[in-house]
Amino acid sequence: MRIAVTCIAFLLSLAFLWSNIFISIGSGELGVLYSRFFGGTVTDVVYEEGMRIIFPWDIMYIYNVRVQEETQSLNVRTSDGLNVTIQISLRYQLIPDKLPFLHKRIGPDYHR
């Protein structure tokens, strides 16, 4: 009876924590691991695509490393005093080797 209760408790906790333990990193993405109890952000490993298994108390941050584009509009004034709208388009791609340092120094909202 004790073994059955232990197995059921283990299976229920595994089902509850499934999304925190088994992490799927898709194509065009890389992961950075934040280890809560063992030193914080792991800077020497970048996790590539595939299924990863981590401790439920750790957090895997997933970054898109494909070429991205961001468009911004600016209202500026010319030397003649006229208002002009300028539209700027930026294309960028994250450097995979520098991704843990980007996460540690700036964070997941680096593009805002």
Side-chain angles (χ1 to χ4, degrees):
M1 182 67 171
R2 184 183 287 174
I3 294 173
V5 171
T6 304
C7 288
I8 290 173
F10 175 75
L11 291 175
L12 285 175
S13 63
L14 183 65
F16 181 71
L17 296 172
W18 183 270
S19 63
N20 292 341
I21 296 173
F22 298 97
I23 307 296
S24 178
I25 301 174
S27 60
E29 297 177 334
L30 293 176
V32 175
L33 181 66
Y34 174 76
S35 180
R36 191 173 308 250
F37 299 119
F38 300 109
T41 302
V42 178
T43 58
D44 56 346
V45 178
V46 176
Y47 295 89
E48 295 184 0
E49 59 188 53
M51 179 68 72
R52 303 289 175 223
I53 299 173
I54 63 172
F55 292 116
W57 52 80
D58 292 344
I59 302 170
M60 180 73 75
Y61 291 94
I62 298 174
Y63 287 89
N64 182 358
V65 292
R66 293 184 174 139
V67 175
Q68 300 177 51
E69 184 173 10
E70 192 171 317
T71 305
Q72 295 184 358
S73 295
L74 300 171
N75 293 321
V76 295
R77 189 170 296 212
T78 65
S79 61
D80 298 334
L82 299 174
N83 289 329
V84 178
T85 302
I86 298 174
Q87 190 172 27
I88 299 172
S89 180
L90 303 170
R91 293 185 67 170
Y92 60 93
Q93 184 176 17
L94 300 178
I95 302 170
D97 296 341
K98 305 295 182 188
L99 190 58
F101 300 105
L102 173 75
H103 176 75
K104 191 171 186 174
R105 293 191 178 105
I106 299 174
D109 293 330
Y110 64 91
H111 58 283
R112 294 180 199 221

Check for me, please, whether [X] and [Y] land in the same ILVMFWY cluster - side-chain distances under 4.5 Å, paths through other members count.
X	Y	answer
Ile106	Ile59	yes
Val42	Ile25	yes
Leu99	Val45	no
Met60	Val65	no

In Å, rounded to the nearest 0.5 Å, how long is the span from [atom1] of [X] to [atom2] of [Y]?
X	Y	atom1	atom2	answer
Phe55	Phe38	CZ	CZ	6.0 Å
Thr71	Arg91	OG1	CZ	10.5 Å
Glu48	Leu30	CD	CG	6.5 Å
Tyr61	His103	OH	NE2	5.0 Å
Ser35	Ile54	OG	CD1	9.5 Å
Trp57	Ile21	CH2	CD1	9.0 Å

Exercise for the section: Count the heavy atoms belonging to other residues, nucleotides or ligands that lie under 6.0 Å from CZ of Phe10, then report whether that count exceeds 12. Expected result: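 No, the 6.0 Å shell around CZ holds no more than 12 heavy atoms from other groups.
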
Handout entry: Residues, nucleotides or ligands: over 12 heavy atoms within 6.0 Å of Leu12 CG
Key =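 Counting other residues, nucleotides and ligands, CG of Leu12 exceeds 12 neighbours.
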
Exercise for the section: Considering non-hydrogen atoms only, spot the tightest contact between Met51 and Ser24 and give its length. Expected result: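 Here Met51 and Ser24 meet closest at SD-N, 4.3 Å.
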
Practice task
Mind listing the closest non-hydrogen atom pair of Glu49 and Gly28 along with its distance?
Solution key: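 Smallest heavy-atom distance, with atoms named: OE1-N, 3.7 Å.
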
Side chains of [X] and [Y] in contact at under 4.5 Å (non-hydrogen atoms):
X	Y	value
Leu33	Asp58	yes
Phe22	Ile53	yes
Val46	Pro100	yes
Ile62	Ile23	yes
Leu74	Ile88	yes

Problem - Whether Tyr110 and Tyr63 hold their rings parallel, tilted or perpendicular, with breakpoints at 30° and 60° - result: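 The rings of Tyr110 and Tyr63 sit tilted, inter-plane angle from 30° to 60°.
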
Exercise for the section: Dump the intermediate steps for side-chain contact (heavy atoms from CB on, under 4.5 Å) on Thr41 and Val32, then the final yes or no. Expected result: CA-CA 7 Å; Thr41 302; Val32 175; 3.8 Å; yes

Practice task
Check whether the side chains of Glu70 and Gln72 place a donor and an acceptor atom closer than 3.5 Å, and report yes or no.
Solution key: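 On atom types as modelled, these side chains qualify, holding a pair under 3.5 Å.
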
Exercise for the section: Could you tell me whether a side-chain N or O of Arg66 sits under 3.5 Å from a main-chain N or O of Ser27, the two making a donor and an acceptor? Expected result: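 Side chain of Arg66 to backbone of Ser27: a pair is present.
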
